[in-house]
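Read the structure below first, then the notes.
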Amino acid sequence: SQLEGLCSFLQLSTCPEHLLGRFCGWLLALTPDLSYTSAAVLAEQLFLGRVLSLTQPPSRHLMAALASFCSKYSQPFCRVVVAAVLREPGEGAEQTKLVCELLEECLEPDCVRLVLSQVLEVSLSEKLLPVVQAVLGRQVRGTPPCPSHRFLCHLQQRWSKDQLSSLLMALFQEGLPPELFDLLVLTLCRQAPAFAASLNYAKLVTAVLTMYQSQVS
């Protein structure tokens with residue numbers, strides 16, 4: 001596209017990081033706002049390569065630029081950059097930490113739910129467990145989901161009554177859409193045996209229970 005050609009001409013993917021924040025500030029001031037497609041192209045050109053190549057914590061300049069861009073264009077950012085991080089094979093420790101920080105500090109509730117849906121579209125792994133925990137930690141509020149009777153019966157075959165009660169009551173507080181809620185709990189149930197020795201999985205379940213202890217009877 002013409003925009004991709006312009007980005008390539010301007011070498012945006014390799015421009016010095018201290019200029020990213022200034023450039024993003026200019027983008028935010030544009031009227032009318034960028035289209036979804038244009039914002040997605042810029043997210044890829046500005047951030048995708050930088051994020052995927054991280055081997056140490058991002059610089060303050062990069063974090064400031066990410067926060068600035070996500071303040072208006074978080075949906076295309078998540079579709080392009082976060083999705084690529086979640087699909088990337090290997091541990092990706094710095095990338096995972098970055099996604100968690102964005103979830104905790106920058107992304108709007110609808111994008112937090114989008115990230116969770118993206119996580120559940122791929123095979124759950126050790127790398128992704130902290131991302132799920134970061135999603136739950138945002139305490140997204142909304143209408144509590146109402147799982148079907150059939151779905152609850154399915155869960156009861158896999159979890160003890162106390163475990164199921166505690167987990168469901170905790171997750172109800174997130175206000176997740178019913179279909180996303182069902183998929184999350186079903187994924188945790190189905191993959192629990194694979195994480196029997198996982199410290200991160202144990203932390204995730206413990207965090208869910210302790211974060212909402214006032215709602216857990």
Side-chain angles (χ1 to χ4, degrees), residues 1-88 92-122 127-128 130-143 174-177 180:
S1 71
Q2 290 182 328
L3 181 56
E4 288 174 324
L6 179 61
C7 290
S8 178
F9 176 75
L10 295 175
Q11 299 182 317
L12 292 184
S13 62
T14 57
C15 74
E17 288 190 352
H18 70 274
L19 298 178
L20 283 177
R22 188 179 307 174
F23 184 76
C24 288
W26 176 77
L27 289 178
L28 296 183
L30 288 177
T31 34
D33 293 345
L34 295 170
S35 68
Y36 183 96
T37 301
S38 295
V41 169
L42 286 168
E44 179 179 1
Q45 294 292 323
L46 289 170
F47 301 116
L48 182 59
R50 300 175 196 272
V51 169
L52 293 182
S53 63
L54 285 174
T55 56
Q56 57 186 6
S59 69
R60 61 183 179 86
H61 295 297
L62 178 56
M63 283 305 302
L66 288 167
S68 177
F69 190 87
C70 287
S71 69
K72 183 177 281 190
Y73 301 112
S74 54
Q75 283 272 354
F77 177 86
C78 289
R79 293 286 187 187
V80 173
V81 180
V82 174
V85 169
L86 300 180
R87 293 192 305 265
E88 188 74 6
E94 294 302 332
Q95 288 77 14
T96 301
K97 290 177 184 177
L98 175 61
V99 170
C100 290
E101 186 168 351
L102 292 174
L103 284 166
E104 293 164 358
E105 305 294 339
C106 301
L107 300 182
E108 293 298 318
D110 61 330
C111 286
V112 173
R113 292 188 285 270
L114 170 60
V115 172
L116 179 58
S117 70
Q118 290 174 317
V119 169
L120 298 177
E121 288 173 0
V122 300
K127 179 178 92 169
L128 300 181
V131 177
V132 179
Q133 185 168 335
V135 169
L136 299 181
R138 276 294 302 270
Q139 300 184 11
V140 180
R141 299 296 176 180
T143 303
E174 289 300 309
L176 297 173
L180 185 57

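Just the heavy atoms: all of them, side chains too, but no hydrogens, waters or symmetry mates, feed the values below.
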Distance, nearest 0.5 Å, that separates [atom1] of [X] from [atom2] of [Y]:
X	Y	atom1	atom2	value
Gln45	Leu3	CD	CG	7.5 Å
Cys15	Leu20	SG	CG	4.5 Å
Ser13	Leu42	OG	CG	12.0 Å
Glu121	Leu116	CD	CG	10.0 Å
Ser38	Leu30	OG	CG	10.0 Å

Indicate the atoms forming the closest heavy-atom contact of [X] with [Y], along with that distance.
X	Y	value
Arg50	Leu12	NH2-O, 2.9 Å
Leu98	Met63	CD1-SD, 3.3 Å
Ala39	Phe69	O-CZ, 3.4 Å
Gln95	Val85	CB-CG1, 3.6 Å
Leu86	Val122	O-CG2, 4.3 Å
Lys72	Leu28	NZ-O, 2.9 Å

With the side chain counted from C-beta on, respond yes when [X] and [Y] share a heavy-atom pair under 4.5 Å apart, and no when they do not.
X	Y	result
Leu46	Leu27	yes
Val115	Cys111	no
Arg87	Gln118	no
Pro57	Lys97	no

Taking the side chain from Thr96 and the backbone from Gly92, do they hold a donor-acceptor pair closer than 3.5 Å?
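Between the backbone of Gly92 and the side chain of Thr96 there is a qualifying donor-acceptor contact (under 3.5 Å).
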Distance alone, cut at 3.5 Å: any donor-acceptor contact between the side chains of Glu108 and Ser74?
no
For the residue pair Ser71 and Ser68, confirm or rule out a side-chain donor-acceptor distance under 3.5 Å.
no
Under the criterion side-chain contact (heavy atoms from CB on, under 4.5 Å), I'd like the reasoning laid out for Gln75 against Asp110: C-alpha separation, chi angles, the key distance, then a yes or no.
CA-CA 9 Å; Gln75 283 272 354; Asp110 61 330; 3.1 Å; yes
Test side-chain contact (heavy atoms from CB on, under 4.5 Å) on Cys106 and Leu66; report intermediate values, then the result.
CA-CA 9 Å; Cys106 301; Leu66 288 167; over 6 Å; no
Would you please test Val80 and Phe47 for side-chain contact (heavy atoms from CB on, under 4.5 Å) and show each step?
CA-CA 9 Å; Val80 173; Phe47 301 116; over 6 Å; no
Decide if the gap between the ring center of Phe77 and the ring center of Tyr73 is smaller than 6.0 angstrom.
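Not close enough - the centres of the two rings lie 6.0 Å or further apart.
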Audit row: Arg79, Leu114, side-chain contact (heavy atoms from CB on, under 4.5 Å) steps and yes/no:
CA-CA 9 Å; Arg79 293 286 187 187; Leu114 170 60; 3.4 Å; yes
